[in-house]
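Along the sequence shown, the residues carry numbers beginning at 1. Atoms within a ligand are numbered from 1 in the order they appear, just like the ligands themselves.
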Amino acid sequence: MSPDLDRLIGLQQLDSTIDEARRRVAAYPERLAEADLRLTGAKELVEAAKARLKDNNEARRALEKDAAMYQARVSKFKDQQSAVKTNKEYQAVQHETETAQRDVSAAEEKVLERMMEADGIAAEIKQAEGVLAAQEKEIGAVKADLAKELAAEQEKLAKASQQRESLLASLNPRLLSLFEQVSRVRKGIAICSATRDGLCSVCHVRLRPQVFQQVRQNDGIVQCDSCQRILYYVPPPAPAEGAVTHPA
Ligand SMILES: [Zn+2]
């Protein structure tokens, strides 16, 4: 194989490695966000339970205020009872007192209900927080793996870029410019092999016999008539020493 073809194949491998590593590095933030997104459900459960506890507390405080107000009414009527003159007035105030006392009891009972409900919600919060913590731990491990992967890709990228630089220094500028021109218009693949039955391995167009013959020599720059990619040929492996070949 001609040294030029060898270098171009090497350049293509480095370009593909660089391309792939860049794509992976660029995809990293989205993969991190996806990992975080997996916590959304568990976070929402914790937040919903906390919101319910807050509502519960507010409702309880309102009921406590009601209870205090009814209690004040009871005291007021009790004061009035000692000042009434007639039996009829006494009975009226007595009736008001009893009503107010019933209101106090009803409000206090509702306060108790709210407090019991709050205990249940607090247990739910604790349980949801436990689930969230377990998931956070799991996602933390996923993110640590992602960070390791990113570091490895960045290292691969740096190494390949460096190798590419030194390869370019040994490459004929006209060849490089041809390579880059084809690479630009052909999705980053400027050089590819011809198949053993004479097709371009990327665009799959059949090469003219004389072109295929030239490609098989591997000693010059031959381009695919159809996609313009530079072609090389990988000969079939030589049969192993002592291997028996059977006619087809
Ligand atoms: Zn082709």
Side-chain angles (χ1 to χ4, degrees), residues 1-35 142 145-248:
M1 168 121 18
S2 85
D4 278 345
L5 272 181
D6 247 350
R7 289 188 195 109
L8 290 183
I9 293 169
L11 181 58
Q12 183 64 65
Q13 280 164 351
L14 289 171
D15 275 3
S16 299
T17 302
I18 289 168
D19 212 43
E20 177 66 20
R22 279 202 183 123
R23 226 174 305 148
R24 284 175 177 275
V25 169
Y28 179 72
E30 198 183 325
R31 293 176 70 196
L32 262 191
E34 271 170 19
V142 169
D145 283 348
L146 278 177
K148 263 188 227 159
E149 250 182 73
L150 175 68
E153 290 299 335
Q154 281 168 333
E155 200 187 315
K156 205 192 280 179
L157 184 58
K159 203 172 145 196
S161 302
Q162 207 178 10
Q163 286 174 337
R164 190 180 195 275
E165 281 308 306
S166 36
L167 184 59
L168 290 193
S170 66
L171 204 64
N172 174 329
R174 285 226 308 265
L175 267 187
L176 176 61
S177 124
L178 172 67
F179 181 95
E180 286 181 334
Q181 183 201 328
V182 178
S183 177
R184 252 196 312 277
V185 293
R186 292 297 172 200
K187 294 177 182 166
I189 307 291
I191 182 166
C192 66
S193 64
T195 66
R196 278 171 205 149
D197 51 355
L199 306 181
C200 166
S201 67
V202 176
C203 79
H204 305 297
V205 163
R206 181 166 295 283
L207 308 173
R208 285 179 290 129
Q210 131 205 19
V211 172
F212 185 40
Q213 185 52 38
Q214 276 179 308
V215 171
R216 285 165 63 125
Q217 312 284 322
N218 272 337
D219 62 359
I221 301 303
V222 183
Q223 289 174 264
C224 170
D225 283 336
S226 173
C227 71
Q228 307 303 316
R229 290 187 176 94
I230 302 159
L231 295 164
Y232 63 94
Y233 184 68
V234 183
E241 197 74 27
V244 182
T245 51
H246 298 280

Going by the rule side-chain hydrogen bond (donor to acceptor under 3.5 Å, both in side chains), which residues pair with Asp4 if we only count those two or more places apart in sequence or in a different chain?
Arg7
In the protein, N/O/S atoms that are found under 2.8 Å from the Zn ion (ligand 1), waters not counted
Cys200 SG, Cys203 SG, Cys224 SG, Cys227 SG
Within a radius of less than 6.0 Å around CD of Gln162, do more than 12 heavy atoms belonging to other residues, nucleotides or ligands occur?
no
Residues two or more places apart in sequence or in another chain: which of them pass side-chain hydrogen bond (donor to acceptor under 3.5 Å, both in side chains) with Arg164?
Asp15
Taking side-chain hydrogen bond (donor to acceptor under 3.5 Å, both in side chains) as the test, write out the residues that go with Thr195, two or more places apart.
Asp197
To the closest 0.5 Å, what do you measure between CD (Gln223) and CD1 (Ile230)?
5.5 Å
Looking at Phe212, does the NZ or CZ of Arg216 lie under 6.0 angstrom from its six-membered ring centre and within 45 degrees of the ring axis?
yes
